[in-house]
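One structure is given here, and the rest of the page talks about it.
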Amino acid sequence: MKKKITLKPKMNWFQKMRQRYQIIKEMIGRTDVDMWSKATSIWNVYKNPIIDDSKVNYALARSFYYASKVVDNRTGKEYGAKFILGAVFSKPIVNSITNFTLNKPLQIKCDDEYTQQIVNSWLRDNHGLILQATRNAFRDGDSYIKIDSAANGSLIAPECVDKIVDYRNINNLLGYDITYVYNEDDNPTKQKKIKIEIRQDYKRTYEITDNKKELIKEEKYKNKPFEIVQISNEPEPNALYGNTEYQSCITLMANYNAVLESAIQNHIYNSTSVPSVEGIENIEEFYQKNGTLNENGEYEIEWDGKKMFVLGKGGSIKMIEGADTSKGAETLLNLIFWCICQSSETPEFIFGTAVQSSKASVSEQMPVMIAKAQRKQAVLVKYYRNLITLLLDRLANTDSKVKKHTEFDVILPDIVDEDKKTNLEIVKVLLENNVITKETAARIIGLGEWVDNIEDEVNKAVEEKKDTIQNELDLTGIATSNRATEEKK
């Protein structure tokens, strides 16, 4: 048999370091970074020494969130296949902190009553949009809300947006570039780009084909607010973009997937005994009676637990069983799971598991989640303020009674009530979104102080609800008529 050997040229030091950098970059979930060229260029090191313009690898982040394969439409690269089993923790991490942080619509408080009423009405009507933008920021690191001249809100995919700043002062925002890529109708293999440059004094739209840039629309104005607002999740001081909420546990979830996948394979391969046949005197006869002749003139023998072999003279058979390593895998999975809880600051009951493993009650774990949500609110309030400032400008264009330069305070929803009990609205949202169980919800609101066995109490309540529904059906005659019909049959 000939074996094909492919010779690869030996990499020099520079190529090895660049490859290693690419691997590390993808492991931590960042992409679209030009830091390598900056680090290898003396001029760029002095010109731009501290600015981090890397972005989250959005396709990778979404593959974790959906626990499935996701294809990057720009590169065609597929992500998530190697992390599906471990990625199941991603959605609870993101959704739980989103529900705790913004369980009710934002509000403002200002001196002008009419302006306050109009803005709060818009915030209430668009709570779903702001909630989705907040969730996307936790998941992708960044999200962008656009408010047009008619005060209609919409989301822009973060991979389409580039932030333009003065690199001498990173806090001096100059504008945004938005790029859309699409295929031509008459030639699907050929792509076109639409690039929109948004600045304080102009907005220009370009069409780019075959590296040719053509201006197709231009609007000029003076000191107009940018029409989009960025919401970032915990960006570093020198970074233009934020971080995904499960940035710290990507490696942990990858290892969880590896251990669980290995344990599953071990169980499949070793839970079924394998036959070992010995002492067959007439091997050809054995093949004929137990096998199937294929097109190559060779016998194939398939084995499963329901099959019986005809051994022939001198033959014997014994079953070989593999070693069970599931206990070791269980220990590793528990350790990795607790590390995920620790690094993501997410209590284990949020993942729908019991709390006996850590010997901690829900009430003891809850302060961690509340403190995390309070920190998130404190950071996000500046982005919500930017959003409302843009909203006031847009509303004033359509309603002259709205004062766009009025001073206002952003009112965030309460996480805990005045008596320090967790807000019931948060529990309700978590329960409706299947983030927590009924037993966990009962523990969160402190029902354990009054009920000895919460699980029995919940089961009893479910049975009482069934009885109530049955009684209501009997009163309407629906259930009675159904039973009479069945008796006649």
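Everything quoted here is computed from the prediction, not taken from an experiment. These numbers come from the heavy atoms of this one structure, side chains and all, not from hydrogens, waters or symmetry mates.
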For Tyr58 and Asn136, test the side chains for any donor-to-acceptor distance below 3.5 angstrom and give the result as yes or no.
-> no

Aromatic ring centroids of Phe89 and Phe337 under 6.0 Å?
-> yes

State whether a side-chain donor-acceptor pair under 3.5 Å links Lys404 with Asn397.
-> no

Are Thr134 and Tyr383 close enough that a side-chain donor and a side-chain acceptor fall under 3.5 Å?
-> no

The reported gap from CD1 in Ile156 to CG in Asp142 (rounded to nearest 0.5 angstrom) is 12.5 Å

Exactly one of Ile228, Ile231, Leu391, Val229 clears side chain to side chain contact (heavy atoms under 4.5 Å, CB included) with Asn386, and that residue is Val229

Which side-chain N or O atoms in residues 116-123 pair as donor and acceptor under 3.5 Å with protein atoms at least two apart or in another chain?
residue : atom : partner : partner atom : Å
Gln116  : OE1  : Cys110  : N            : 2.9
Asn120  : OD1  : Ile108  : N            : 2.7
Asn120  : ND2  : Ile108  : O            : 3.3
Asn120  : ND2  : Gln116  : O            : 3.3
Trp122  : NE1  : Ala151  : O            : 2.8

Check whether any side-chain heavy atom of Phe408 sits under 4.5 Å from a side-chain heavy atom of Thr389, and report yes or no.
-> yes

Within 45° of the ring axis of Tyr79 and under 6.0 Å from its six-membered ring centre, is that where the NZ or CZ of Arg62 lies?
-> no

Determine, stepwise, if the pair Leu106 / Ile411 fulfils side-chain contact (heavy atoms from CB on, under 4.5 Å).
-> CA-CA 6 Å; Leu106 293 169; Ile411 309 300; over 6 Å; no

Excluding sequence neighbours, so at least two apart, what forms side-chain contact (heavy atoms from CB on, under 4.5 Å) with Asp162?
-> Lys55, Asp177, Tyr241

Compare every heavy atom of Ser143 with every heavy atom of Ala133, then report the nearest pair and how far apart it is.
-> O-OG, 2.7 Å

Note, Leu380 side chain near Leu102 side chain (heavy atom, < 4.5 Å) = no

Intermediate values then yes/no, salt bridge (charged side-chain N to carboxylate O under 4.0 Å, His left out), Lys224 and Glu219 = CA-CA 11 Å; Lys224 187 176 181 181; Glu219 300 175 46; 5.0 Å; no

